[in-house]
Protein chains: 2
Amino acid sequence: MIDTNASNGFNLYKKELMSVRILIVDDHPLVLEGLKSLLADAEGVQVVGTATNAIEAIAFLKNNEVDIAFLDINLPDISGIDLCKKVKEQFPEVKTLALSTFNERAYVSRMIQNGASGYLIKSSGKEDILEAITQVQAGGYFMNVQFDQVTPATAPKTVPFLTRREKEVLVLIAEGLTNPQIAEQLFISVTTVNSHRQNLLIKFEVSNTASLIKLAAGLGLI
Amino acid sequence: MIDTNASNGFNLYKKELMSVRILIVDDHPLVLEGLKSLLADAEGVQVVGTATNAIEAIAFLKNNEVDIAFLDINLPDISGIDLCKKVKEQFPEVKTLALSTFNERAYVSRMIQNGASGYLIKSSGKEDILEAITQVQAGGYFMNVQFDQVTPATAPKTVPFLTRREKEVLVLIAEGLTNPQIAEQLFISVTTVNSHRQNLLIKFEVSNTASLIKLAAGLGLI
DNA sequence: TGAAAAATCATGCTTTTATAGGATTGATCC
DNA sequence: GGATCAATCCTATAAAAGCATGATTTTTCA
């Protein structure tokens, strides 16, 4: 359900002129509530809407003016990473700020690659969040990740870019299908499946299925 | 049952007599803030403390009286599942309520097994949360999971009980080691490693490594 | 419209897993 | 003190995955 404080092209609430209009996209009401609560008493900041999935988020952006969209990395329908890309394509003037549980280099680079202006881990404090808004609104970038909890040795430097087919194969592998079964499912030959599989191993910089699935699971790809 | 509202002879904070004293353990300030905010205006409920990891949580419980502890499943140091067990061992009078992002049968049964009185998914609304507190404080159980997003066909009914050796092998498999490499690492024969591996497949009710790792990753085992 | 990327398929070989069917030694628990 | 379970080891075979080295055909897009 979309929470519309502002809707239909014009803004009903002009209590704070010049305030930064913020849309929060997260499927956890607690996080929504927490952010709203933290931003409620902040000067020059106004949460104009919230959404719990990508569809709602896009719908809201179509009908409302938003300066900064906070995007959760893990959403029920599509990943925040993909949503970020969509948002920047359809609403290039909207700045995006990634919200994530994880402090991982891989996520960050991928989000930035997709046009995000910043990256906030959910364990950020109020100061960080306000600082991020200020920076981003001013056209800058913000990220407070430290990468202290070093990414495991098996982790790739970035989230590999996967093709449509590779994603499909990856999902089917994770579901426990063997190459012959995947081939049957996708109406392609076993050797083709195997090619995609090898490409996945190369892109993830691993040497077997176990590592592949572990990484992909950790990245929320499956 | 200990009457915790009247213990120690006197109560330092009598602002709200009979109020349920709550400790929230979650490593995300946003979630903490969200919950506090949601509970702030609720009658008969008082958030007496928050902790962002298991150590802090245990320390707080040693020095304070708490009726219900909200435990996040994913904590930085140990898993909420293990923390739940510890809490029930050391402070049996404290009721625990699991907080999780996931709507998974496996987590629930594991938490209940470890003494939790309830299970709340983070996408719960205010009503659910208050209802949970009421139920649990009255000595009952609460859980609002629906398992609607049906657990994948490959999911086991419960988190399988793994032996020490099986856990070790599982972790090494996930790290990408092959049977010969694991054997070398653990100073046992390849056939033994293979036995443990087969037992893992049987316990998780899967037929290959990919499914195994996906499940184990989803359950936070690796 | 041409280059680049993706998807398709192939052969041959090696290594690893999966599956089946065992057996033996300790430890733990009623 | 017998039962149970964990951990160890074994043989043997089939299936699958991993690795190398290709090639052809679509698609995409600048």
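In the text below, chain A, chain B and the rest are named by the order of the sequence lines, each starting its count at 1.
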Sugar-phosphate, base or nothing in reach of B:T191, heavy atoms under 4.0 Å: base
Value in whole Å for how far the C1' atom of D:dG18 lies from CG of A:L200: 13 Å
Under 4.0 angstrom between A:T209 side-chain N/O and D:dG18 OP1 or OP2: yes
Length of the line joining B:Q181:CD and C:dT17:P, which is rounded to integer Å: 8 Å
Side-chain N,O (A:R164) to OP1/OP2 (C:dA6) below 4.0 Å: no
Presence of A:H196 side-chain N/O under 4.0 Å of C:dA6 phosphate oxygens OP1/OP2: no
Any donor-acceptor N/O pair, B:N208 side chain to A:G176 backbone, under 3.5 Å: yes
Greater than 12 external heavy atoms within 6.0 Å of B:E184's CD: no
Whole-Å gap separating C1' (C:dA20) and CD1 (B:I202): 11 Å
Side-chain donor/acceptor of A:D67 to backbone N/O of A:I22, under 3.5 Å: no
Distance, rounded to the nearest Å, where A:L177 contributes CG and D:dA15 contributes C1': 15 Å
Under 4.0 angstrom between A:S189 side-chain N/O and C:dC9 OP1 or OP2: yes
Whole-Å gap separating C1' (C:dA6) and CG (A:L186): 15 Å
List, with names and distances, any nitrogen or oxygen atoms from the protein found under 3.5 Å away from nitrogen or oxygen atoms belonging to nucleotides 19-26 of chain D.
residue	atom	partner	partner atom	Å
D:dC19	N4	A:N194	ND2	3.3

B:P180 side chain, from C-beta outward: closest of C:dT17, D:dC10, D:dA6: C:dT17
Any donor-acceptor N/O pair, A:K214 side chain to B:E175 backbone, under 3.5 Å: no
OP1 or OP2 of D:dA7 under 4.0 Å from side-chain N/O of B:T192: no
Side-chain N,O (B:N179) to OP1/OP2 (C:dT16) below 4.0 Å: no
Among C:dC9, D:dC10, D:dA6, the one nearest B:T163 by side-chain distance: D:dA6
CD (B:Q198) with more than 12 external heavy atoms under 6.0 Å: yes
Pair B:N194-B:T191, side-chain donor/acceptor within less than 3.5 Å: no
Short side-chain to backbone donor-acceptor contact, B:E56 and B:T52, under 3.5 Å: yes
Rounded interatomic separation in angstrom, taking CD from A:E168 and C1' from C:dA6: 12 Å
Nearest heavy-atom neighbours spanning A:L177 and A:Q185: CD1-OE1, 4.1 Å
Rounded distance (Å) that lies between atom C1' of D:dA17 and atom CG of A:N199: 15 Å
Protein-nucleotide distance (B:R197, atom CZ; C:dA20, atom C1'), rounded to Å: 17 Å
5′-ward residue of the pair B:V190/B:E166 relative to DNA chain D: B:E166
